[in-house]
2 protein chains.
Amino acid sequence: MYDIFQKYLEEKTELTQAESERIQSFAIIKKLRKRQYLLQEGDVWKYDAFITQGCVRTYTVDDKGSEHVNSFSIENWWTGDRESLMTQQPSRFNIDAIEDTELVLFTHENFELLCREIPAFNNMVNAILQRSFIAAQNRIQASLTLTAEEKYLNFVNKYPGFASRIPQTMIASYLGMTPETLSRIRKQTAKK
Amino acid sequence: MYDIFQKYLEEKTELTQAESERIQSFAIIKKLRKRQYLLQEGDVWKYDAFITQGCVRTYTVDDKGSEHVNSFSIENWWTGDRESLMTQQPSRFNIDAIEDTELVLFTHENFELLCREIPAFNNMVNAILQRSFIAAQNRIQASLTLTAEEKYLNFVNKYPGFASRIPQTMIASYLGMTPETLSRIRKQTAKK
DNA sequence: GTAAAAACTTGATTTAGATCAAGAGTTTTA
DNA sequence: TAAAACTCTTGATCTAAATCAAGTTTTTAC
């Protein structure tokens with residue numbers, strides 16, 4: 001559990017013993033069963049959340065009741081709704097577990113305190129944000145330029161392992177297509 | 001020119017006289033004529049760029065020669081290719097001026113130096129990045145959930161003034177539809 | 001261990017938006 | 001200020017992917 005986050009910190013940044021302990025002192029360990037919610041639409045998100053084990057999805061539900069998957073997050077990634085966190089407005093998103101999942105949570109207040117106290121931690125957080133932004137830009141670019149088939153191949157290539165772990169329906173939704181279309185694409189590409 | 005950036009800084013952050021002067025000492029003023037490139041595909045992007053006047057677009061060109069607009073940036077916004085800046089790899093993007101444009105540039109080395117020297121400046125930069133990330137997430141969400149018409153109405157609502165300033169072809173491309181489709185949508189919505 | 005519920009596949013049909021084409025405005029440039 | 005080069009509009013046609021529908025396989029839960 002926590003040791004996975006500890007290892008992540010060691011890889012990403014240089015901390016003194018005291019700083020590491022300070023961070024750990026604020027950590028909240030949370031476990032989710034498959035299908036359990038981490039965040040429900042309408043609630044305000046108040047944490048910074050790191051996944052040590054498992055997989056969650058972030059999605060919205062439209063007025064027709066269809067789900068639209070915004071993102072998947074697995075171990076060694078962060079999750080949450082940054083907009084709700086920043087604005088303290090109710091979230092439009094749901095986050096739930098696709099598998100049994102373990103997380104390390106920090107209340108945002110404590111997290112900000114750590115950022116202020118520990119410059120190396122703050123730098124790490126900013127570097128993650130940079131990368132998240134770049135990934136989001138690339139996803140926008142892909143959605144504008146690629147066909148359904150290209151989107152799927154691009155996804156499999158970029159996130160190997162996801163395709164076998166996450167139900168096709170959810171991947172289809174993430175890619176902005178129907179499950180039927182994805183099923184047909186998979187059949188076709190398997191031939192080649 | 002620079003005074004517009006100065007005013008922006010004053011609104012977004014609290015700086016001492018000395019800090020303001022330090023920032024200004026690194027500023028490079030750049031002017032672009034309409035259609036002039038700020039960045040061309042294949043070049044490495046090396047700046048942090050703030051627009052004081054005008055409008056630029058960031059876009060890619062696919063193998064069929066079609067342009068895909070990734071973003072528009074106007075006065076009081078930042079522009080550039082963060083991925084190329086971070087990785088120092090050739091950019092996939094072109095950035096050019098839609099109108100005559102004036103910018104304040106900082107080489108990324110100087111910019112990082114300012115971030116290290118001036119905590120308030122660093123905080124401002126991180127806050128901008130947060131907002132950019134949230135905007136990117138919302139755009140992804142819109143592209144997954146909205147129809148062509150809804151995308152256009154959402155765009156007009158979110159960025160009033162852009163529609164009158166930017167050629168429709170480019171807006172259509174930004175929204176991921178053809179100019180013909182956008183023309184028909186505008187005709188229909190004008191009726192209502 | 002089996003019934004119920006999800007998840008996936010496959011086919012037939014529909015549709016939103018793309019493509020092709022041609023004319024009317026509008027800007028640019030020389 | 002005229003011609004060239006864009007930009008926008010409108011109509012006809014096409015197509016990628018959606019929708020509808022029904023059957024099969026896999027997973028979940030008692």
Side-chain angles (χ1 to χ4, degrees), chain A residues 32-36 54-55 57 59 61-69 72 96-101 142-156 162-191, chain B residues 32-36 54-55 57 59 61-69 72 96-101 142-156 162-191:
Chain A
L32 295 176
R33 305 288 296 280
K34 187 171 176 172
R35 299 220 171 77
Q36 192 181 337
C55 183
R57 76 203 234 260
Y59 64 100
V61 180
D62 68 22
D63 20 283
K64 280 168 216 133
S66 325
E67 297 176 355
H68 300 273
V69 175
F72 303 111
D96 66 13
I98 295 178
E99 309 166 357
D100 291 352
T101 296
S143 88
L144 290 175
T145 57
L146 304 184
T147 63
E149 180 173 354
E150 287 166 342
K151 281 177 197 170
Y152 175 67
L153 295 175
N154 181 52
F155 173 79
V156 170
F162 274 42
S164 57
R165 198 166 166 182
I166 297 169
Q168 269 185 50
T169 324
M170 294 182 189
I171 294 174
S173 171
Y174 174 88
L175 295 174
M177 63 187 75
T178 58
E180 293 94 330
T181 296
L182 181 54
S183 176
R184 286 184 247 264
I185 284 169
R186 281 168 55 97
K187 192 184 175 190
Q188 279 194 329
T189 58
K191 273 189 210 160
Chain B
L32 295 177
R33 305 289 294 280
K34 187 172 176 173
R35 299 217 171 80
Q36 192 182 337
C55 183
R57 76 202 234 262
Y59 63 100
V61 181
D62 68 22
D63 21 281
K64 281 167 215 133
S66 324
E67 296 176 355
H68 300 273
V69 175
F72 302 112
D96 66 14
I98 295 179
E99 307 167 358
D100 290 353
T101 297
S143 88
L144 289 175
T145 59
L146 304 182
T147 62
E149 179 173 355
E150 288 167 341
K151 280 176 199 171
Y152 175 67
L153 294 174
N154 181 53
F155 173 79
V156 170
F162 273 43
S164 57
R165 199 167 167 180
I166 297 169
Q168 269 184 48
T169 324
M170 292 182 192
I171 294 174
S173 170
Y174 174 87
L175 296 173
M177 63 187 76
T178 59
E180 291 95 330
T181 295
L182 182 54
S183 177
R184 286 183 247 263
I185 285 170
R186 282 168 56 96
K187 192 184 175 189
Q188 279 195 328
T189 59
K191 275 189 209 161

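Reminder, nothing fancy here: chain letters follow the sequence lines and each chain counts from 1.
- Contact annotation: T169(A) reaches the phosphate of dC8(C) (side-chain N/O to OP1 or OP2, under 4.0 Å).
- Side-chain N or O atoms of S173(B) include one that pairs as donor or acceptor with a backbone N or O of E67(B) at under 3.5 Å.
- With the end axes of the helix from dG1(C)-dC30(D) to dA30(C)-dT1(D) each set by five pairs, the angle from one to the other reads 60° at 10° resolution.
- Relative orientation of the F162(B) and F72(B) rings is perpendicular, given thresholds of 30° and 60° on the angle between their planes.
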Contact state string [nucleotides 12-30 of chain C, B base, S sugar-phosphate only, - no protein heavy atom under 4.0 Å]: B----SSBBB------S--

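- Y152(B) contributes atom OH, which lies 6.5 Å from atom CD of Q168(B) (distance to the nearest 0.5 angstrom).
- For the atom pair CG of L175(A) and OG1 of T181(A), the computed distance is 11.0 Å after rounding to the nearest 0.5 Å.
- One distance of note links CD1 of I98(B) with CZ of R165(B); it measures 9.0 Å at 0.5 Å rounding.
- Rounding to the nearest 0.5 Å gives a distance of 9.0 Å between CZ of F155(B) and CG of L182(B).
- From I185(A), atom CD1 reaches atom CE of M177(A) across 4.5 Å, with rounding to the nearest 0.5 Å.
- The nucleotide range of DNA chain D contacted by chain A, defined by atoms under 4.0 angstrom from heavy atoms of the protein and reported 5' to 3', is dA17(D) to dT28(D).
- Of the listed residues (K34(B), R33(B), R57(B)), just one forms a salt bridge (Lys or Arg N to Asp or Glu O under 4.0 Å) with D96(B), and that residue is R57(B).
- Between E67(A) atom CD and dA6(C) atom P the separation is 12 Å, expressed in whole Å.
- The minimum heavy-atom distance between T169(B) and P179(B), with the atom names listed, is CG2-CG, 3.7 Å.
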